[in-house]
Number of protein chains: 2
Amino acid sequence: MSELALDKHLSGLDEILDKSARLMAQLGYHGTSMRDLAQVTGRSLSGLYHYFNSKEELLFLINQRGFTSLLEMSRHLMLQDISPDRRLSGLITNHVTYFIDHLNEMRIMTSGSQEMNDQRSQILWQLKEEYARLGQQIVGTYMRAETGIDYPANIISRKSFLLYGMMNWIFGWYSPQSHGDATEVAADIFRTFTHGCTTVN
Amino acid sequence: MSELALDKHLSGLDEILDKSARLMAQLGYHGTSMRDLAQVTGRSLSGLYHYFNSKEELLFLINQRGFTSLLEMSRHLMLQDISPDRRLSGLITNHVTYFIDHLNEMRIMTSGSQEMNDQRSQILWQLKEEYARLGQQIVGTYMRAETGIDYPANIISRKSFLLYGMMNWIFGWYSPQSHGDATEVAADIFRTFTHGCTTVN
DNA sequence: TAAATTAACGAACGGTCGTTCGGTTGACTA
DNA sequence: TAGTCAACCGAACGACCGTTCGTTAATTTA
């Protein structure tokens with residue numbers, strides 16, 4: 001009866017999105033059939049269509065839920081009155097922690113939105129765009145604070161993508177046994193991004 | 001009649017692998033049908049099966065060809081008698097240049113090998129493993145040369161994955177107009193990885 | 001208690017999937 | 001000149017795809 005639990009005792013749409021994301025992360029969107037999803041969610045094939053109108057909409061909902069969560073964390077971070085380097089550190093910690101806690105959804109979210117109709121992919125594009133914009137703002141402010149230089153937008157943009165690359169590649173290699181928890185990974189990414197790989201500890 | 005040309009005048013299997021990779025990079029493996037591949041390669045559906053025995057084998061061949069090329073570049077790099085930082089710089093330049101010149105194949109290669117049978121995925125796993133091993137060796141040697149410290153394997157491993165993350169995320173954002181050519185991107189990744197984001201020029 | 005809404009189901013639809021089969025070219029070889 | 005073989009094709013196979021339909025319990029609302 002608890003509202004939050006460590007083990008997922010979700011119900012309804014949230015449970016379906018979670019279990020669908022887990023399977024789609026393994027098999028891919030096209031590789032996962034509605035019959036597969038019916039099985040892992042413990043429902044009938046036709047029963048799934050009570051929660052969404054099409055398989056494509058299910059994919060959209062998974063993406064929308066994830067990007068909205070990420071964006072809210074960044075918006076909250078921008079409201080805090082902290083130094084540029086603590087803001088950058090917060091961005092990285094937020095992103096990496098969310099990433100490791102939601103590896104399945106993130107694998108889907110980072111694989112593009114080619115399969116969606118124009119309206120839906122535009123909504124996702126706006127979410128991603130604002131999330132990226134906030135990230136570039138944080139990176140640019142940090143670089144300006146460290147060096148006193150106002151770098152052109154394309155330089156800041158490229159640096160930001162390198163940072164997102166380090167973070168988004170996590171699903172390709174991360175294992176908690178050998179690489180530590182989210183906090184440790186986030187700290188390593190922060191150190192590497194700000195001062196290079198030889199600043200280990 | 002030239003053996004190498006800027007425009008692709010390939011024939012046979014190489015041409016099929018190239019055009020298939022291009023389409024699969026857009027639509028995904030499961031999202032691309034054999035009929036789609038027949039159309040873009042200018043062949044009949046059944047005619048494709050002259051070159052491979054199954055759609056899965058086609059995916060394997062695309063992956064094998066790419067990873068073998070990457071691995072050969074790294075092996076060649078290890079034979080050269082150069083300093084650790086020039087070796088690291090060479091690794092990054094090789095990888096980034098190959099990545100940008102083969103964006104389609106790389107998109108497929110970085111999306112895993114879940115759809116392949118055990119034997120094939122094991123062959124690819126060995127190729128990836130050796131490529132990653134050489135990368136970690138180069139990174140570890142560089143860090144040791146810079147700091148005089150022998151870092152534990154899991155630290156080096158994690159740092160290497162951050163580097164590969166910066167490089168492999170390229171397909172998510174790269175556009176030659178605003179981000180420069182492969183050489184410029186490689187130089188930025190090298191600077192960022194070795195000395196941090198504030199070392200821009 | 002009656003009505004309305006939610007959540008679920010089995011069965012079936014037309015279409016597309018990967019693959020196979022039997023055959024036909026045309027260039028090279030013995 | 002007969003034989004071989006790589007290259008290629010149209011047609012069809014059974015399986016699976018996403019989706020829809022009509023229906024039925026269970027729960028909530030009036």
Side-chain angles (χ1 to χ4, degrees), chain A residues 1 3 8-63 108 111-121, chain B residues 1 8-64 108 111-121:
Chain A
M1 284 297 180
E3 296 212 7
K8 309 279 177 64
H9 291 301
L10 306 172
S11 65
L13 182 57
D14 270 329
E15 178 203 7
I16 292 175
L17 293 185
D18 261 47
K19 293 181 173 173
S20 299
R22 191 170 308 167
L23 196 59
M24 280 189 180
Q26 289 176 29
L27 307 175
Y29 172 70
H30 292 292
T32 310
S33 72
M34 291 299 294
R35 285 161 183 82
D36 295 334
L37 297 178
Q39 205 196 331
V40 298
T41 57
R43 284 171 174 79
S44 72
L45 174 59
S46 49
L48 284 178
Y49 284 86
H50 173 68
Y51 292 93
F52 42 83
N53 295 313
S54 66
K55 191 188 179 187
E56 189 211 288
E57 182 176 304
L58 168 65
L59 179 65
F60 170 75
L61 291 174
I62 292 173
N63 275 272
I108 295 173
S111 66
S113 49
Q114 245 67 40
E115 9 275 318
M116 269 171 274
N117 71 36
D118 285 350
Q119 194 191 336
R120 287 187 179 132
S121 65
Chain B
M1 285 296 178
K8 308 279 177 64
H9 291 302
L10 305 172
S11 65
L13 182 58
D14 270 329
E15 178 204 6
I16 292 175
L17 294 185
D18 261 46
K19 293 182 174 172
S20 299
R22 190 169 311 168
L23 196 59
M24 281 189 180
Q26 290 177 29
L27 308 174
Y29 172 71
H30 290 292
T32 311
S33 72
M34 292 297 296
R35 286 159 183 85
D36 294 333
L37 297 177
Q39 204 196 334
V40 298
T41 57
R43 285 169 174 80
S44 72
L45 174 58
S46 50
L48 284 178
Y49 284 86
H50 174 68
Y51 292 93
F52 42 83
N53 295 312
S54 66
K55 190 188 178 188
E56 190 211 287
E57 183 176 307
L58 168 65
L59 179 64
F60 170 75
L61 292 173
I62 293 173
N63 275 271
Q64 190 187 39
I108 294 173
S111 65
S113 50
Q114 246 67 41
E115 9 275 320
M116 270 171 274
N117 70 35
D118 285 350
Q119 193 190 338
R120 286 184 180 135
S121 64

Interatomic distance where [atom1] belongs to [X] and [atom2] belongs to [N] [whole Å]:
| X | N | atom1 | atom2 | result |
| --- | --- | --- | --- | --- |
| A:Glu115 | D:dC17 | CD | P | 17 Å |
| B:Glu57 | C:dT19 | CD | P | 10 Å |
| B:Leu13 | D:dC8 | CG | C1' | 15 Å |
| A:Asp36 | D:dA15 | CG | C1' | 14 Å |
| A:Leu37 | D:dC16 | CG | P | 16 Å |
| A:Glu56 | D:dT19 | CD | P | 8 Å |
| B:Leu48 | D:dC8 | CG | P | 9 Å |
| A:Leu59 | D:dC17 | CG | P | 17 Å |

With heavy-atom distances below 4.5 Å as the criterion, would you say the side chains of [X] and [Y] are in contact?
| X | Y | result |
| --- | --- | --- |
| A:Asn63 | A:Met116 | yes |
| B:His30 | A:Tyr29 | no |
| B:Lys19 | B:Arg43 | no |
| A:Leu48 | A:Met34 | yes |
| B:Gln26 | B:Thr32 | no |
| A:Arg22 | A:Val40 | no |

So which protein nitrogen or oxygen atoms get under 3.5 Å of nucleotides 25-29 of chain C's nitrogens or oxygens?
none

> Touch check for A:Thr32, heavy atoms < 4.0 angstrom, all strands: base, sugar-phosphate only, or nothing?
Replying inline: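 Sugar-phosphate: the residue A:Thr32, judged by heavy atoms under 4.0 Å, touches backbone atoms but no base.
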
>> Before you tell me yes or no, could you show the steps for A:Ser20 and A:Leu58 under side-chain contact (heavy atoms from CB on, under 4.5 Å), namely the whole-Å CA-CA distance, both residues' side-chain angles and the distance that decides it to 0.1 Å?
In response: CA-CA 9 Å; A:Ser20 299; A:Leu58 168 65; 3.9 Å; yes

N/O-N/O pairs, protein side and nucleotides 10-13 of chain D side, under 3.5 Å:
from   : atom 1 : to      : atom 2 : distance (Å)
D:dG10 : N7     : B:Ser46 : OG     : 3.2
D:dG10 : O6     : B:Ser46 : OG     : 2.4

Determine the minimum heavy-atom distance between [X] and [Y], stating which atoms define it.
| X | Y | answer |
| --- | --- | --- |
| B:Phe52 | B:Ile16 | CE2-CG2, 4.0 Å |
| A:Glu115 | B:Leu27 | OE1-O, 4.3 Å |
| B:Thr41 | B:Glu15 | O-OE2, 4.4 Å |

Between the protein and nucleotides 4-6 of chain C, which nitrogen or oxygen pairs come in under 3.5 angstrom?
none

>> Nearest heavy atom decides the nucleotide; on that basis, is A:Ile16 or B:His30 closer to the 5' end of DNA chain C?
In response: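 Its nearest nucleotide lies further toward 5', so the answer is A:Ile16.
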
>> Is there a side-chain contact between B:Tyr51 and the phosphate of D:dC8, meaning an N or O under 4.0 Å from OP1 or OP2?
In response: yes

> Hey, what do you get for OG (B:Ser44) to NE2 (B:His50), rounding to the nearest 0.5 Å?
Replying inline: 11.5 Å

